Chemist: 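First the structure, which I've put down as structure tokens, then a few questions once you've had a look.
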Amino acid sequence: MPEIKTRIEKIYAQVIQRNPGESEFHQAVKEVVDTLAPVLHKHPEYAEHKIIERICEPERQIIFRVPWQDDRGEVQINRGFRVGFNSALGPYKGGLRFHPSVYLGIIKFLGFEQIFKNAVTGMPIGGAKGGADFDPKGRSDAEVMRFCQSFMTELYRHLGEFTDVPAGDIGVGAREIGYLFGQYKRITNRYESGVITGKSPKWGGALVRKEATGYGAVFFAEQMLKARGDSLDGKTCVVSGSGNVAIYAIEKLQALGARVVACSDSDGVIHHARGLDLPLIKQLKEVERRRIRDYAQVHRDAQYLERGNLWHIACQVALPGATQNELDEASARRLVANGCIAVSEGANMPTTPGGIRVFEEAGVAFGPGKAANAGGVATSALEMQQNASRDAWTFEYSEQRLQEIMINIHRTCHETAAEFGSPGNYIIGANIVGFRRVADAMLAFGVI
Ligand code: NDP
């Protein structure tokens with residue numbers, strides 16, 4: 001396949017040249033295209049119709065000014081983004097991230113990954129992502145509300161339940177979704193529940209959406225271990241972050257008999273060897289919006305490591321649940337040396353390419369975000385289904401659906417990896433499953 005490999009290298013070089021300075025986007029593209037040679041070999045029609053080249057170019061990119069006034073009356077200006085990457089399988093779908101590090105390259109990496117993740121779920125949703133370089137940390141509710149209203153005042157014209165359906169991500173939770181939807185409803189004069197997901201169940205949201213990404217990443221870890229004749233019961237685990245994904249990953253790990261000994265935020269790490277007190281973490285992070293260091297004020301036997309490296313804490317299962325490139329090669333080596341046997345990515349692209357290589361060489365079961373954290377968006381699609389039929393499912397039924405979806409995703413990725421000669425490699429499995437589904441739809445639509 002040397003000529004196919006050369007072709008792929010050329011496509012990647014072109015992506016770098018056309019999108020200068022967007023290193024996270026380059027990384028996300030490389031991670032996918034590097035696994036596609038066997039698919040092009042089997043399906044020359046994908047190359048003939050330039051499917052990879054087309055997938056790497058977003059269908060649309062919107063960048064806009066978000067002016068707002070802070071509590072002192074000072075005018076603030078942020079930059080808003082929405083990238084509709086691919087709508088071959090359904091309306092654009094993907095979260096909004098509010099974080100000071102946001103720029104076009106971050107939104108494009110997330111949007112690109114979202115195409116394949118959404119396809120892997122088997123649900124009718126395209127890939128997109130958006131956000132702003134706004135930092136909600138330390139802002140009052142009124143400031144967050146004014147920011148969200150200004151953001152939606154521009155974004156609303158690009159949305160719609162059949163066009164583009166955002167959700168939350170870092171810095172965007174139920175509070176922000178409420179303000180965003182409120183402004184959408186006010187401007188459009190439509191109570192269009194299906195235009196945004198991650199809503200509170202009090203007004204059109206789905207039960208289990210809040211828990212879905214964390215629970216799903218744990219269900220994926222459970223399946224990977226099961227495939228090796230093992231289970232989560234009694235395992236020592238660490239989870240990075242202490243936001244939406246991390247909290248519900250910890251909850252499900254504990255429910256399945258694992259002991260979670262550490263979590264973090266961007267300031268530091270909490271290590272509690274006898275097991276984390278989850279109700280306290282929820283109170284600190286979800287209710288009081290405080291820092292994780294305050295955990296150690298309540299539990300004197302817990303250790304707070306300011307700027308510490310969570311991955312230095314010994315565990316058998318690691319669940320990165322904070323942000324991109326948080327787990328590098330050196331940390332991966334440390335995890336392996338300490339006996340880690342499975343990694344399930346709750347966050348998007350948390351492991352660097354060097355880190356992934358270490359896990360592959362050590363035979364660690366590695367669940368890439370595109371598969372392992374797809375439970376969140378899958379449950380968003382279930383929220384859209386419930387909104388469309390004006391129905392509301394029970395928690396038990398919704399969780400059962402989520403679990404079935406994760407079992408299915410695991411099975412198809414596992415089988416596809418084996419079909420393409422890389423048994424046990426979930427990265428190859430997820431990329432190929434997602435790519436084939438999108439590629440077949442694109443072929444059917446002709447050159448658009
Ligand atoms: P939250 O904002 O709820 O929590 C993010 C957590 O990660 C916080 O503890 C935060 O700490 C920490 N964090 C964020 N940025 C950094 C950073 N640069 N360095 C260190 N720590 C950081 O976000 P979510 O839990 O929703 O998202 C976490 C990850 O999961 C992201 O990669 C997101 O893209 C991914 N994801 C989320 C889904 C969802 O449904 N929410 C779905 C699929 C993937 P601090 O408070 O100090 O900033």
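Keep in mind the model is a prediction, meaning the values are calculated, not measured. When a ligand or atom number is given, it counts from 1 through the structure's own listing order. Just so you know, these numbers use all the heavy atoms, side chains as well, and skip hydrogens, waters and symmetry mates.
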Chemist: Hey, would you say the F151 and W68 ring centroids sit under 6.0 Å apart?
Modeler: no
Chemist: Does N373 reach the main-chain N or O of G346 with its side chain, forming a donor-acceptor pair under 3.5 Å?
Modeler: yes
Chemist: Looking at ligand 1, does any of its N/O atoms fall within less than 3.5 Å of an N/O of T213?
Modeler: yes
Chemist: Please confirm whether the backbone N or O of G339 pairs with a side-chain atom of Q316, one donor and one acceptor, at under 3.5 Å?
Modeler: no
Chemist: Between D265 and ligand 1, is there a nitrogen or oxygen pair with a distance under 3.5 Å?
Modeler: no
Chemist: Please list all pairs meeting salt bridge (Lys or Arg N to Asp or Glu O under 4.0 Å) that have one or both residues in residues 346-357, counting only residues at least two apart or in different chains.
Modeler: none
Chemist: List ligand 1 atoms under 4.0 Å from D169, heavy atoms only on the residue side.
Modeler: 26 (O), 33 (C), 34 (O), 36 (N), 37 (C)
Chemist: Would you call D265 and R293 a salt bridge, taking side-chain N to carboxylate O under 4.0 Å as the test?
Modeler: no
Chemist: Given A212, G214, G243, identify the one with the heavy atom nearest to atom 1 (P) of ligand 1.
Modeler: G243
Chemist: Any N or O of D267 that comes nearer than 3.5 Å to an N or O of ligand 1?
Modeler: no
Chemist: Just jot down the ligand 1 atoms closer than 4.0 angstrom to any heavy atom of G346, in number order.
Modeler: 30 (O), 35 (C), 36 (N), 44 (C)
Chemist: Starting from atom 18 (N) of ligand 1, what is the nearest protein heavy atom, named by residue and atom, and what distance separates them?
Modeler: T323 CG2, 3.7 Å
Chemist: How about F25 and F109: are their ring centres within less than 6.0 Å of each other?
Modeler: no
Chemist: Considering residues, nucleotides and ligands other than K282, do more than 12 of their heavy atoms fall under 6.0 Å from its NZ?
Modeler: yes
Chemist: What is the nearest protein non-hydrogen atom to atom 41 (N) of ligand 1, stated with its residue, atom name and distance?
Modeler: N244 OD1, 3.4 Å
Chemist: Going by heavy-atom distance to atom 28 (C) of ligand 1, choose the closest among G216, A322, G241.
Modeler: A322
Chemist: Which residue holds the protein heavy atom closest to atom 32 (O) of ligand 1, what is that atom called, and what is the gap in Å?
Modeler: N348 N, 3.2 Å
Chemist: Using a heavy-atom cut-off of under 4.0 Å, does the side chain or the backbone of R97 touch ligand 1, or both, or neither?
Modeler: side chain
Chemist: Are Y426 and H410, when compared by the centres of their aromatic rings, separated by less than 6.0 Å?
Modeler: yes
Chemist: Would you tell me which option among A378, S266, S101 has the nearest heavy-atom contact to atom 11 (O) of ligand 1?
Modeler: S266
Chemist: Show which atoms of ligand 1 fall inside a sub-4.0 Å distance from at least one heavy-atom site of G321.
Modeler: 28 (C), 29 (C)
Chemist: Are F181 and Y191 an aromatic pair by the rule of ring centers under 6.0 Å?
Modeler: yes
Chemist: Taking heavy atoms and a distance under 4.0 Å, where does H99 meet ligand 1: side chain, backbone, both or neither?
Modeler: side chain
Chemist: Do Y92 and H158 have ring centres separated by under 6.0 Å?
Modeler: no
Chemist: I'd like to know if R79 and D133 make a salt bridge, using a cut-off of under 4.0 Å between side-chain N and carboxylate O.
Modeler: no
Chemist: Of all the atoms in ligand 1, which lie at a distance below 4.0 Å from a heavy atom belonging to S242?
Modeler: 9 (O)
Chemist: Using a 4.0 Å heavy-atom cut-off, which part of R209 comes near ligand 1: side chain, backbone, both, or neither?
Modeler: side chain
Chemist: Of the protein's non-hydrogen atoms, which lies at the shortest distance from atom 48 (O) of ligand 1, and what is that distance?
Modeler: K137 NZ, 2.8 Å
Chemist: I'd like to check atom 16 (C) of ligand 1 in this structure: does the protein have a heavy atom lying under 4.0 Å from it?
Modeler: yes
Chemist: Evaluate the salt bridge (Lys or Arg N to Asp or Glu O under 4.0 Å) criterion for residues E57 and R54: first the C-alpha distance (whole Å), next the side-chain angles of each, then the deciding distance (0.1 Å), finally the verdict.
Modeler: CA-CA 5 Å; E57 185 68 21; R54 279 197 268 160; over 6 Å; no
Chemist: Where is the nearest protein heavy atom to atom 2 (O) of ligand 1: which residue, which atom, and how far?
Modeler: G171 N, 3.0 Å
Chemist: Can you check which of I170, I106, V245 brings a heavy atom nearest to atom 37 (C) of ligand 1?
Modeler: V245
